[in-house]
Amino acid sequence: MTDAARKLVHQVRGDDTEPEARIDVNARSIALSIVAVAAAMYVLQWASEVFIPIVLSVLISYALEPIVLALIRLRLSRLIASALVVASLTGAFGYTAYTLSDDATAIIASLPEAATKLRRAMRHDQPSAIENVQRAAQELQRTADEAAGRNPAPSGVQRVQIEQPAIDVKQYLSWGSASLVAFAGQAVLVVFFVFFLLASGDLFKRKLVKVVGPSLEKKKVTVQILNEIDVQIERFLFVRVVTSVAVGVATWLAFRVIGLEQAGVWGIAAGVFNSIPYFGPVIVAAGIAVIGFLQFGTLGMAAYVSGISLVITSLEGWLLTPWLTSKTARTNEVAIFVGLIFWSFVWGIWGTLLAVPMLVAVKACCDRIEDLKPVGEMLGE
């Protein structure tokens with residue numbers, strides 16, 4: 001077909017756009033979308049100290065909103081109810097930290113002895129596999145340097161090689177101390193932000209309804225969407241809080257029965273990490289196995305303690321969570337796994353803790369917004 005005939009066909013069809021132009025436009029749109037996603041990831045990572053407290057505060061306010069509403073029904077003003085809830089939550093966290101401070105101090109005091117036991121356990125008469133691999137790598141590097149003749153030492157000058165430790169524990173401890181100070185500062189900001197969100201009530205909801213336009217139908221649909229999104233997020237957060245508390249209490253009781261020291265600290269750790277799908281229970285089980293080996297001194301007890309932790313989290317995942325999430329917005333496993341990878345890359349440990357709540361919030365929004373329903377379908381089961 002000649003160019004004139006091709007143009008005639010497009011004119012008859014009412015399509016004046018050339019196929020080549022369409023392909024160019026599509027390729028340009030895809031490129032712009034990729035650039036926009038990359039820019040958004042960079043901004044989220046660069047300004048993580050700003051976004052993380054905001055997201056965490058919004059999620060906490062969603063979880064506490066039902067309690068505030070219950071106090072309002074008892075004829076308390078929203079301001080007083082919000083202040084009472086936030087003060088009670090802060091006091092509960094402070095009391096828990098004070099109660100467990102002795103256990104935390106004992107754990108820190110036992111670190112040198114634990115490190116000595118672990119080093120003795122890992123020491124063997126025969127070289128370990130890691131040592132053999134390191135020695136082989138050094139020999140190969142030396143052979144490659146000799147064959148390439150790289151940077152021969154001048155006459156009368158002795159070559160010196162500086163060896164860095166494989167794991168700089170001091171650096172990690174210093175980084176952890178600085179992170180603890182930064183966490184304390186951000187915690188104060190989160191407490192105040194949660195209070196302001198709870199005290200403001202549906203202020204931002206009313207502003208959003210006013211922004212959508214003068215049409216009464218649009219305002220009605222917007223209110224329905226916001227209410228449904230609120231319900232889904234509140235149900236999900238309720239489920240996560242209940243399951244984490246159940247896992248923490250069950251782990252604490254089980255560890256007290258078998259005589260594990262500082263059982264309360266490990267119970268809280270199990271409850272917190274339980275909110276991280278897939279990886280959280282594995283991290284807790286591995287850490288508890290090390291603690292059990294250091295305390296009891298046998299691999300059998302280490303496996304026994306770790307197995308108890310896995311049994312508790314498995315029962316929670318198979319029985320309690322499916323029963324509680326029957327009415328919440330469910331997401332498929334692939335979407336959750338991809339979300340964990342993405343947010344852990346962007347925000348680190350906070351990303352792993354906040355990935356699933358944010359994913360549920362996004363799915364709830366997509367399910368109620370017409371243009372975003374395909375995204376909600378991809379995220380759903």
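The only option from V284, V247, T313, V282 that meets the side chain to side chain contact (heavy atoms under 4.5 Å, CB included) definition with F273 turns out to be V284. None of I60, V191, L197, V68 except one satisfies the side chain to side chain contact (heavy atoms under 4.5 Å, CB included) rule with V86; the exception is V191.
A donor-acceptor pair under 3.5 Å links the side-chain atoms of W347 to the main chain of L44, judged by distance alone. No donor-acceptor pair closer than 3.5 Å links the side chain of S244 to the backbone N or O of V272. S309 contributes no side-chain N or O that, together with a main-chain N or O of V305, makes up a donor-acceptor pair within less than 3.5 Å.
One finds the CD1 atom of I291 at 11.5 Å from the OG atom of S306 (value rounded to the nearest 0.5 Å). Here the straight-line distance linking atom CD1 of I349 with atom CD1 of I52 works out to 10.5 Å at 0.5 Å rounding. Distance CD1/I268 to OG1/T251: 11.0 Å, rounded to 0.5 Å.
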So I341 and F345, side-chain contact (heavy atoms from CB on, under 4.5 Å) or not? Walk me through it.
CA-CA 6 Å; I341 295 174; F345 170 76; 5.6 Å; no
Report the C-alpha separation of I258 and Y304 in whole Å, then their side-chain angles, then the decisive distance to 0.1 Å, and conclude whether the side-chain contact (heavy atoms from CB on, under 4.5 Å) test is met.
CA-CA 10 Å; I258 65 176; Y304 177 64; 3.8 Å; yes
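L84 and L69 fall within the same hydrophobic cluster, where Ile, Leu, Val, Met, Phe, Trp and Tyr residues are linked whenever their side-chain heavy atoms come under 4.5 Å apart, directly or through other members. Residue V85 is grouped with residue L74 when hydrophobic side chains (ILVMFWY) are merged at heavy-atom distances under 4.5 angstrom, including chains of intermediate members.
No side-chain heavy atom of R78 sits less than 4.5 Å from a side-chain heavy atom of L71. Between L56 and F193, the closest side-chain pair of non-hydrogen atoms is not below 4.5 Å. In this structure, the side chains of L260 and W252 stay at 4.5 Å or more apart for every pair of heavy atoms. Residues W343 and L359 are not in side-chain contact: their nearest non-hydrogen atoms beyond the backbone lie 4.5 Å or more apart.
Remark: M41 CE is packed, more than 12 non-hydrogen atoms of other residues, nucleotides or ligands lying under 6.0 Å away. Counting non-hydrogen atoms of other residues, nucleotides and ligands closer than 6.0 Å to CD of E377 gives a total of 12 or fewer.
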